Amino acid sequence: MDAFFAAVEQQRRPELRGKPVVVGGDGNPHRRGVVSTASYEARAYGIHSAMPLRTAYKKCPKAIFLPVDFRAYGEFSRRIITILREYTLLVEPMSMDEAFLDVSGRSEDPPALAEEIRRRINDETGLTASIGIGPNKLLAKIASGLRKPDAVTEITADGSAETLRDLPSIVLWGIGPKTAARLEESLRVRTIGDLCAISLESLQELLGPRHGEYLYRICRGRDDSPVITEWEPKSLSRETTYQQDTRRRETIVGTLTSLSGEVAADLRQEGYVGRTVTVKIRYHNFKTHTRALTLPESTGDHQRILQTAVALLDRFTMDRPVRLVGVRVSGLTRPPEGEPQTAPPAGESVDGRRDAKDGESWSD
DNA sequence: TCTGGGGTCCTTATCCTC
DNA sequence: TCTGGAGGATAAGGACCC
């Protein structure tokens, strides 16, 4: 979808159409937060995703700044996914605004099919989409970004080498700013064509065996990854950035309490328990550290997660102001049939003996 | 001076067991 | 008893994606 969050806001509030709209944070450009999505009108001022809201405000003070309304965007997303599933059940949602479709089982001409899907999304939601067609996910994804907005673009197997050759290496999945810089500095690689000229061994020496081999394949347009219609999460987490850095332990413990509760609620809702608890601390200078502990058994219980998180907090040096605190639970599994995913509320413990033996009182 | 939040995967180091 | 791997689990950090 093109500028999805901003486009939804402009769709449901017609007075915003044609104006620079910036969606991000809590909608206050004087507080901490970054741009999630900028409308095309806002992009004309140099505003883009991941830019600090304060910076965006300096570039265009008259832009309309709005908070992120995930619920509203999720509704549009579901409507779009429903349309897509009419064409194939092999739909892999990548995020709220992006999905892969495997239409190799359909007989239509792919561009005609894509054009029909693009038109139906527009008719039924008022939003524009850009669709890429390719012999694999990698090339379809690149194609979708070549012409935006509201376009259908195809990369064929035969034409892929020529199409890719002069594109900057950073358009490839898995090459970000750091890797692009390393490739340029060490190997004078700037385009995908440059990358194709580098030996497998050189790439692996620079970037490691896995990443090197991966880049060697994708710069040639090779990708055999399947369209995955559903997958299991590996971790669930919550984190928050303070509006002002803090060094008060009570404040941080309070934050850990609410974050742990939110993670526990997510675990319960999604039907998982997890074994490893990780606490993340970002200091005022943006240095970010984690401390993790793997428990003897999985849990989804708020108090157990919180107790572990507080113990982990004590392993950080609290000599600098903190700007972000996070809690993550990983090593997720489905709890065994018939067992509660979380401890029952205080006074209803079914497992009091173990609590007493361990000397742990986390029933309150 | 500024730099969100929710994820995944990889690399490296360390410890432990066989 | 000592030594050296192999290999799994855990922990920490980093790059990347949307």
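Keep in mind that what you see is a predicted model, and the values were worked out from it rather than measured. In what follows, chains are A, B, ... by sequence order, proteins preceding strands, each numbered from 1.
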Side chains of A:Asp158 and A:Thr156: donor-acceptor distance under 3.5 Å anywhere? no
A:Arg78 to A:Phe76, cation-pi by 6.0 Å centre distance and 45° axis angle: no
Between C:dG4 and B:dC16, how far apart are the two C1' atoms, rounded to whole Å? 15 Å
Base, sugar-phosphate, or nothing: which does A:Arg315 touch, judged by heavy atoms less than 4.0 Å apart? sugar-phosphate
For A:Tyr242, is the NZ or CZ atom of A:Arg323 found under 6.0 angstrom from the centre of its six-membered ring and inside 45 degrees of the ring axis? no
Please work out which residues in residues 224-255 of chain A have a non-hydrogen atom less than 4.0 Å from an atom of DNA chain B and list them by number. A:Pro233, A:Lys234, A:Ser235, A:Leu236, A:Ser237, A:Arg238, A:Glu239, A:Thr240, A:Thr241
With a 3.5 Å cut-off and no angle check, do the side chains of A:Thr299 and A:Arg304 form a donor-acceptor pair? no
Selected nucleotide, minimal atom distance to A:Ala292 side chain, candidates C:dC17, C:dA12, B:dG4: C:dA12
Proximity to the side chain of A:Leu324 - top-ranked nucleotide from C:dA12, C:dC16, B:dG5: B:dG5
Pairing donors with acceptors under 3.5 angstrom, does anything connect the side chains of A:Tyr272 and A:Arg334? yes
Test of understanding: with ring-ring contact (aromatic ring centres under 6.0 Å, His included), list the residues that count as partners of A:Tyr73, not counting sequence neighbours. A:Phe5
What form does the base of B:dC2 take, syn (within 90° of 0) or anti? syn
C:dC17 and B:dT3, which share atom name P, separated by this distance in whole Å: 22 Å
